[in-house]
Protein chains: 2
Amino acid sequence: MTKTKPTVSNKDIALQTAMTLFLTKGYQATSMDEIVKASKVSKTNIYYHFKSKEELLTAMVDRLIARYERQLASIAAQEELTIEARLERIVSMLVANDDPIDVLGGCPFLTLYMQTAAESEYVRVQIKQFFDRQLLTLERLLEAGIRNQELRSDLQVQPTAALMLTSIEGALFLAKACDNPRILPNLLQGLFALLK
Amino acid sequence: MTKTKPTVSNKDIALQTAMTLFLTKGYQATSMDEIVKASKVSKTNIYYHFKSKEELLTAMVDRLIARYERQLASIAAQEELTIEARLERIVSMLVANDDPIDVLGGCPFLTLYMQTAAESEYVRVQIKQFFDRQLLTLERLLEAGIRNQELRSDLQVQPTAALMLTSIEGALFLAKACDNPRILPNLLQGLFALLK
C-alpha cells in the first residue's frame, strides 16, 4: 500500500478560490461565475456545496476565523514560554502576511467587514465576536504576566490590550494604504518597548 | 445696513451631501441622482460644478483632508502648550467624531480608501500623502519634546509615532466594528501613559 497525500476536496478549492477573490478583488466585484472559472471546479459541484455567493462568504469567514483562533489559542497555551514571548508571537502572527495575496485593506477581517457588513448581519456579528475574543485573550495574558511579576505591576490591562489590538489593525491598513514597509517593523518595536 | 450670515453656496451643499452619502451609504451605492435629491440643489446646478460623481469624490476628499490638516497644523503650532498637551489634543481631535454621521468604517479616510482606491488613483495618492504627513507631524513633535526634555530621552521617535497613528486608525475601525464604546477611551489612556 502506498501512502497518498490527503486530497483537497472540491469544496476546499472553491472556498480557497472565493477567499482569494473576495480579499483581492472584493466581494461585490466577484461573481459566482468567476469563482467557478478560477477554481476549475464544475458549476454543478460548487452549487452542490454552496447555494449562493452569500453561503460561500459565510463558510469562508467561519474558516478564516477558525484558522486565526487555532493559532491564537495554540500560542497562548505555550506555558514553556514567558508571557512576553507569547504576546510577541501573537502580535507577530497577526501582522505576518503568510498568504502571498494582496489583501485590499491590509487585514482580511477589515476588508470583509467593509465590503459585507452592510448586507450580512452574520459576517458583522462573527467579526465583532472574533475581535472581542482577541481582546479577552490579550487581557488574560497581560493579567497572567502581571501576576507572575513578569510585566510591570502598574501596566493597565484593558488600555494596553486595546492599544495592542487597535495598533495591529491600524498598522495592517496603513502599511497597505501608505505603501510604507517601515510601519509594521516600527509598530512591533514600539509595542514591545511598551511591555518592558 | 444689516449684517447677513455668510450664505452656503450650492456647491458647498452638494459637496456636504455627497460626503454624508459616500461615508454612510458608500461611494458605489450612491448615484448622482440621489445626491441631487438629497441636496435639493438642481441637477443643472450640480452638474455645472461637478461633471461626474468622480469629480465630486475628488473635491470632497480634498476638502476633508484640508479640514483635518488645518486642525492638525493649528494644534501643532500652539507653542504656549507643552508638547505633550499638543500630542494629546491631536490624538483627541483625530478620534473625536464631531460629525453626527455614522461612518461605515469608523474613519472617513479608511472608508473612502476601501471604497475607491481600486478605481481612483487620485484618492489613493491623496490619502497616502495625508497619512505620511500626519506621521511626520507626530515625529517632529516627539523630537521637539525630547529636545526640550519634556519627553523621555529614550523614547523612540519613529516607532512611537507609528504606534500613535496606527492605534488611532485601528481604534476608529474597531470601535465601529466591535460596537464597543470602551475601545477609544482605553486607547487614549494607553497612549498617554506611554508618553509619560
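Naming convention: chains lettered A, B, ... in sequence-line order (proteins, then strands); numbering from 1 in each chain. On a predicted model such as this, the values are computed, not experimentally measured, just so you know. Only heavy atoms go into these numbers, but all of them, side chains included; no hydrogens, no water, no symmetry mates.
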Asker: Of the backbone (N, CA, C, O) and the side chain (C-beta and beyond), which part of B:L174 lies under 4.5 Å from a heavy atom of chain A, both, or neither?
Answerer: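 B:L174 touches chain A through side-chain heavy atoms alone.
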Asker: Evaluate side-chain contact (heavy atoms from CB on, under 4.5 Å) for B:M32 paired with B:L56, printing each intermediate quantity in order.
Answerer: CA-CA 9 Å; B:M32 279 296 261; B:L56 257 169; 3.6 Å; yes
Asker: Below 4.5 Å from any heavy atom of chain A, which atoms of B:I168 appear? Answer side chain, backbone, both or neither.
Answerer: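 Neither part.
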Asker: Any donor-acceptor pairs between chain A and chain B, under 3.5 Å? If so, list them.
Answerer:
{"unit_1": "B:K128", "atom_1": "NZ", "unit_2": "A:C178", "atom_2": "O", "d": "3.2"}
{"unit_1": "B:Q158", "atom_1": "OE1", "unit_2": "A:R182", "atom_2": "NH1", "d": "2.7"}
{"unit_1": "B:C178", "atom_1": "O", "unit_2": "A:K128", "atom_2": "NZ", "d": "3.2"}
{"unit_1": "B:R182", "atom_1": "NH1", "unit_2": "A:Q158", "atom_2": "OE1", "d": "2.6"}

Asker: Provide the closest heavy-atom pair for B:V91 versus B:M164 in the form atom of the first, atom of the second, distance.
Answerer: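 For B:V91 and B:M164, the tightest heavy-atom pair comes out as CG2-CE, 3.6 Å.
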Asker: Closest approach of B:L187 and B:A171, non-hydrogen atoms and distance?
Answerer: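 Answer, listing the atom of B:L187 first, then B:A171: CD2-CB, 3.5 Å.
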Asker: Determine the minimum heavy-atom distance between B:L172 and B:C107, stating which atoms define it.
Answerer: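 Nearest pair, atom of B:L172 first, then B:C107: CD1-CB, 3.7 Å.
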Asker: Please report the closest heavy-atom contact between A:L15 and A:A59, naming both atoms and the distance.
Answerer: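 In terms of heavy atoms, the two residues are closest at CD2-CB, 3.7 Å.
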Asker: For a 4.5 angstrom cut-off between non-hydrogen side-chain atoms, does A:C178 reach A:I183?
Answerer: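 When only atoms from C-beta onward are counted, A:I183 and A:C178 do touch, with a gap below 4.5 Å.
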Asker: Which region of B:L165, side chain (C-beta onward) or backbone (N, CA, C, O), has a non-hydrogen atom less than 4.5 Å from a non-hydrogen atom of chain A, or is it both or neither?
Answerer: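 For B:L165, the contact with chain A is made by backbone and side chain together.
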Asker: For B:A117, which atoms come within 4.5 Å of any heavy atom of chain A: side chain, backbone, both, or neither?
Answerer: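 B:A117 has no heavy atom closer than 4.5 Å to chain A.
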Asker: Nearest heavy-atom pair of B:I83 and B:L141: which atoms, and what distance?
Answerer: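 Closest heavy-atom pair between B:I83 and B:L141: CG2-O, 3.2 Å.
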Asker: Do A:L142 and A:L87 make a side-chain contact, defined as non-hydrogen atoms from C-beta onward lying under 4.5 Å apart?
Answerer: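 Side-chain contact under 4.5 Å: yes.
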Asker: Among B:L184, B:L110, B:L155, which has the most heavy-atom pairs under 4.5 Å with chain A?
Answerer: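 Of the options given, most contacts go to B:L110.
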Asker: What pair of heavy atoms forms the shortest contact from B:P108 to B:L64, and how long is it?
Answerer: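 In terms of heavy atoms, the two residues are closest at CB-CD2, 3.7 Å.
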Asker: Among A:F109, A:F173, A:F131, which residue has the highest count of heavy-atom pairs closer than 4.5 Å to chain B?
Answerer: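 Top option by heavy-atom pairs under 4.5 Å: A:F173.
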